[in-house]
Amino acid sequence: MKTVNAEQAAETIFALLKANPWLNTPGVMTENDYHAKDEAILFLRQMAIHGVNGFGDTSEPAQRIASGFLLDFMGKLMQPEHPLNRKTWLVDDSKPLIDQALQIIAAELVEGHSRPQDLH
C-alpha cells in the first residue's frame with residue numbers, strides 16, 4: 001500500500017482514460033442529461049468495484065455524465081486552489097495504475113465528494 005497525492009491520482013485517472021478510450025467518447029454533457037445522474041453514479045460505482053469493459057446498457061446521458069465526472073475530477077486534482085489538490089489516497093501499489101484509479105474513484109464515491117447533485 002502507498003499514499004498518493006493529487007498529482008499521482010490525476011496520473012492514475014489519465015491512465016484509466018487512456019486504457020479505456022470508450023470512457024471519453026460519449027460527447028459533451030447537456031442540460032437534458034441531468035435526469036441520468038443516479039444512473040451515472042451507479043455506473044461509476046460498478047466500474048470502481050468490479051471494473052468494466054464498456055458502458056453496456058448505460059444510457060447515453062449517463063455515459064456523458066460519467067465521462068464528464070472523470071474528466072472534471074482529473075481537472076480538479078490538477079488545480080492548485082481546489083481542495084482535492086491537497087488530498088491523499090491510500091492505494092494498493094502492487095496493482096496497475098488503472099486499478100489504483102478505480103480505488104481512488106471508489107474512495108471518492110464513498111466519501112460523498114461525488115454526490116449526484118455535483119455531477120451537473
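The basis for the numbers below is simple: all heavy atoms, side chains too, and nothing from hydrogens, waters or symmetry mates.
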Practice task
Flag this pair as yes if the NZ/CZ of K76 is under 6.0 angstrom from the six-membered ring centre of F73 and inside a 45 degree cone about the axis; otherwise no.
Solution key: no
Problem - Close side-chain approach of V52 and F43, heavy atoms under 4.5 Å - result: yes
Handout entry: Minimum side-chain heavy-atom gap N5-K87 below 4.5 Å
Key = no
Problem - Spatial distance of atom NE2 (H35) from atom CG (D38) [nearest 0.5 Å] - result: 10.5 Å
Exercise for the section: Measure across A66 and A40 and return the closest heavy-atom pair with its distance rounded to 0.1 Å. Expected result: N-CB, 4.0 Å
Problem - 4.5 Å side-chain heavy-atom contact, Q100 and K2 - result: yes
Practice task
Supply the atom-to-atom distance N24 CG to Q63 CD, rounded to the nearest 0.5 angstrom.
Solution key: 12.0 Å
Practice task
Please examine the side chains of I65 and Y34, heavy atoms only from C-beta on, and report whether any two atoms are closer than 4.5 Å.
Solution key: no
Handout entry: Transitive ILVMFWY side-chain link L42 to L102, under 4.5 Å
Key = no
Exercise for the section: May I ask you to decide if H82's main-chain N or O and N85's side chain share a donor-acceptor pair within less than 3.5 Å? Expected result: no
Problem - Non-hydrogen side-chain atoms of L70 and M47 separated by less than 4.5 Å - result: yes
Practice task
Check the surroundings of atom CD in E81: do more than 12 heavy atoms from other residues, nucleotides or ligands lie under 6.0 Å from it?
Solution key: yes
Result block: side-chain N/O donor-acceptor pairs under 3.5 angstrom for residues 9-22, not counting sequence neighbours:
{"from": "T12", "atom 1": "OG1", "to": "A9", "atom 2": "O", "distance (Å)": "2.6"}
{"from": "N20", "atom 1": "OD1", "to": "W22", "atom 2": "NE1", "distance (Å)": "3.4"}
{"from": "N20", "atom 1": "ND2", "to": "L16", "atom 2": "O", "distance (Å)": "3.0"}

Handout entry: Under 3.5 Å side-chain donor-acceptor pair for S59 and E39
Key = yes
Exercise for the section: State plainly whether one hydrophobic cluster holds both L44 and L77, where clusters connect Ile, Leu, Val, Met, Phe, Trp and Tyr through side-chain heavy atoms under 4.5 angstrom apart. Expected result: yes
Practice task
Kindly indicate whether the side chain of T88, heavy atoms from C-beta on, has any atom under 4.5 Å from the side chain of V4.
Solution key: no
Handout entry: Side-chain touch D92/Q103, heavy atoms, less than 4.5 angstrom
Key = yes
Practice task
Look at the side-chain heavy atoms of Ile, Leu, Val, Met, Phe, Trp and Tyr, link any pair under 4.5 Å apart, and say whether L97 and I105 land in one connected group.
Solution key: no
Practice task
Assess whether side-chain hydrogen bond (donor to acceptor under 3.5 Å, both in side chains) is satisfied between Q8 and W89, documenting all intermediate values.
Solution key: CA-CA 10 Å; Q8 294 163 320; W89 296 265; over 6 Å; no
Fill in the blank from the handout: Heavy-atom closest pair (P61 atom, A36 atom, distance to 0.1 Å) is CB-CB, 3.7 Å
